[in-house]
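Please read the structure below before turning to the comments.
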Amino acid sequence: MDFKKLASTLLSSDSVSGLSNLSGASSNDVKKVLTQAIPTLLNGANNQAKGKDTSESFVNALSQHGKVDTKDLSQFLGKVDMKDGAKIIAHLLGSDKDDVVQNIANETGVSQKKTDSILSAIAPLLMSLLGQ
């Protein structure tokens, strides 16, 4: 999947609406957070894929998540495991997670709690799309 298609899916109205419901943030806030976060999350995924200590487990995670059907984003997001999403974000952002979340919150004007929730909600979808 190319970056344009990936970003289009992540920022689609179905995705934004589902993430808004999951996080309690407005659709506008979800869009602002995702616009800031997507490049950082993709960079984190790239680092996981290239890391000699992380590449094998990252490929396994992509394989598992890639099997999940994402054609109906509303249905997919209705089943998102936020705890799993938080773990994914922790892996993608590593020890910089708290700083990244705070920076995105500061840049967008969205609370740190809602920013963290939005990222945890989008992470399983990101992994599924990358795994496909």
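All values below come from the heavy atoms of this structure, side chains included, with hydrogens, waters and symmetry mates left out.
Environment of CD in E107: sparse, with no more than 12 heavy atoms of neighbouring residues, nucleotides or ligands closer than 6.0 Å. Applying the 6.0 Å contact sphere to NZ of K32 captures more than 12 heavy atoms from other residues, nucleotides or ligands.
With values rounded to the nearest 0.5 angstrom, S120 atom OG is found 10.0 Å from D81 atom CG. To the nearest 0.5 angstrom, M82 atom CE is 9.5 Å from L119 atom CG.
A distance-only check finds a donor-acceptor pair linking the side chain of D2 to the backbone of K5 [under 3.5 Å]. Looking only at distances, a side-chain donor or acceptor of S128 sits under 3.5 Å from a matching main-chain atom of H65.
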What donor-acceptor contacts under 3.5 angstrom involve side-chain atoms of residues 38-50, with partners at least two apart or in another chain?
from: N47; atom 1: ND2; to: N43; atom 2: O; distance (Å): 3.4
from: Q48; atom 1: NE2; to: H91; atom 2: O; distance (Å): 2.9

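Side-chain contact between L19 and L34: present, with at least one pair of heavy atoms (C-beta onward) separated by less than 4.5 Å. The shortest distance between side-chain heavy atoms of L22 and S117 does not fall below 4.5 Å. The shortest side-chain heavy-atom distance between T115 and Q36 does not fall under the 4.5 Å cut-off. Side-chain contact between I118 and I104 is absent, with no heavy-atom pair separated by less than 4.5 Å. At least one side-chain heavy atom of L125 sits under 4.5 Å from a side-chain heavy atom of L10. Side-chain contact between L77 and S15 is present, with heavy atoms from C-beta onward closer than 4.5 Å. Taking 4.5 Å as the limit, some side-chain heavy atom of L130 sits within range of a side-chain heavy atom of L6.
Residues forming a salt bridge (Lys or Arg N to Asp or Glu O under 4.0 Å) with K97 (at least two apart in sequence, or on another chain): D116.
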